[in-house]
Amino acid sequence: MAVVPDQVHFLTPRRVYPEAPLFVFTPGMDGTGQLLRAQTEGLEQAFDVRCLAIPPDDLTSWHDLTEQVVTLVRTELEGNCDRKVYLCGESFGGCLAMKMMVRSPQLFHRLILVNPASSFNRRPWIHWGSQLTQFLPEPLYQTSCIGLLPFLASLGRIGASDRQALLEAMQSVTQKSSIWRMSLLREFRLSDDELASIKQPVLLVASLGDRLLPSVNEAHLLAQSLPNAKIHILPNSGHACLLESDINLYNILRSHRFLDLQVEQQVDDSSPITLSGSRG
């Protein structure tokens, strides 16, 4: 049986490209870092990808989690402090990414937020449900993950293997840790001034078909405070949109000219530094 590290760490998908900008992904509530799998090949055309993995029984505060992940990023940059870092957070990870940007803005070049869960505390039914979770017996908690799937994802837009991966990722988190992470989301707050301090370009990716959170409304609210934000609406997607077969995050970034000109030219010219492979 594989040993699960007891501290937050980065997963490195397949290949390492030290010459490329660093792409750091902070995941949703599952914390596995495994659910970027559908996007990795496309992103590796232009980035050196790292996925944050949070232990399944982790009970770390926002402050300490932010500090730990910022430290991981600094470690990646040792010996190349001028390397550009693109920070991408999905759902729970979107909240963490915003905390990281406010904590250490000098580290990051761009911010991508995918259905960030910053509206969690404004969804009463989720608030009540998250409190009820603590009273469920462990077997019933595991079963409840299956019932949550239709709210979390547009299942018809996700392949069978990715649906299974989503369920396994959800069930991998201990009940105690799941309750803790929901409590973090209930507590999550950033002031307008804190959001306004994020001067870097921000791309807000929001799913119109999100049944879990009001992601499109939240994107517009955040964009009012973020001084350099763009919004990309996914008209048919659910909350876990990055697993959907026809969503290509790399192409979305390119469509908004969110890559550096140098990176764009490297990809277009197929120079030796260009990273091969794409997702349809």
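Quick note: numbers below take in every heavy atom, side chains included, and nothing from hydrogens, waters or symmetry partners.
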Partners of Arg50 by salt bridge (Lys or Arg N to Asp or Glu O under 4.0 Å), sequence neighbours excluded?
->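 Once residues adjacent in sequence are excluded, the partners of Arg50 under the salt bridge (Lys or Arg N to Asp or Glu O under 4.0 Å) criterion are Asp48, Glu76.
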By salt bridge (Lys or Arg N to Asp or Glu O under 4.0 Å), which residues pair with Glu67, not counting sequence neighbours?
->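 Partners of Glu67 by the salt bridge (Lys or Arg N to Asp or Glu O under 4.0 Å) criterion, ordered by chain and then number, come out as Arg103.
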Greater than 12 external heavy atoms within 6.0 Å of Glu187's CD |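 Yes.
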Rounded to the nearest 0.5 Å, what separation is found between the [atom1] atom of [X] and the [atom2] atom of [Y]?
X      : Y      : atom1 : atom2 : result
Cys51  : Leu36  : SG    : CG    : 4.5 Å
Arg157 : Ile247 : CZ    : CD1   : 5.5 Å
Thr40  : Glu44  : OG1   : CD    : 6.0 Å
Leu65  : Leu59  : CG    : CG    : 11.5 Å

For residues 24-34, which side-chain donor-acceptor pairs fall under 3.5 Å, sequence neighbours excluded?
unit_1: Thr26; atom_1: OG1; unit_2: Cys88; atom_2: O; d: 3.4
unit_1: Thr26; atom_1: OG1; unit_2: Gly93; atom_2: O; d: 2.8
unit_1: Asp30; atom_1: OD2; unit_2: Thr32; atom_2: N; d: 2.9
unit_1: Asp30; atom_1: OD2; unit_2: Thr32; atom_2: OG1; d: 2.5
unit_1: Thr32; atom_1: OG1; unit_2: Gln34; atom_2: N; d: 3.1

Tell me whether Leu113 is reachable from Leu190 by hopping between hydrophobic residues (I, L, V, M, F, W, Y) whose side-chain heavy atoms are closer than 4.5 Å.
->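 Same hydrophobic cluster.
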Using the rule that two of Ile, Leu, Val, Met, Phe, Trp, Tyr join whenever any of their side-chain heavy atoms come within less than 4.5 Å, decide whether Val85 and Leu11 are in one cluster.
->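 Hydrophobic grouping puts Val85 apart from Leu11.
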Do we see a donor-acceptor contact under 3.5 Å between the side chains of [X] and [Y]?
X      : Y      : result
Asn115 : Ser207 : yes
Ser91  : His239 : yes
Asp193 : Ser191 : no

Considering residues at least two apart in sequence or located in another chain, which fulfil the ring pair (Phe, Tyr, Trp, His ring centres under 6.0 Å) criterion with [X]?
X      : value
His220 : none
His232 : His256
Phe188 : Trp62

Quick check: do [X] and [Y] have side-chain heavy atoms less than 4.5 Å from each other?
X      : Y      : value
Phe120 : Met182 : yes
Ser161 : Arg163 : no
Met98  : Leu222 : yes
Val8   : Pro55  : yes
Met100 : Ser104 : no

Using modelled atom types and a 3.5 Å cut-off, is there a donor and acceptor pairing between side-chain atoms of [X] and backbone atoms of [Y]?
X      : Y      : value
Ser172 : Ala169 : yes
Gln200 : His109 : no
Ser177 : Asp58  : yes

How close do [X] and [Y] get, counting heavy atoms only, and between which atoms?
X      : Y      : result
Ala46  : Ala20  : O-CB, 3.7 Å
Ala240 : Ile158 : O-CD1, 4.2 Å
Pro201 : Phe258 : O-CZ, 3.5 Å

Please step through salt bridge (charged side-chain N to carboxylate O under 4.0 Å, His left out) for the pair Asp57 and Lys176, ending with a clear verdict.
-> CA-CA 7 Å; Asp57 57 353; Lys176 187 175 182 180; over 6 Å; no
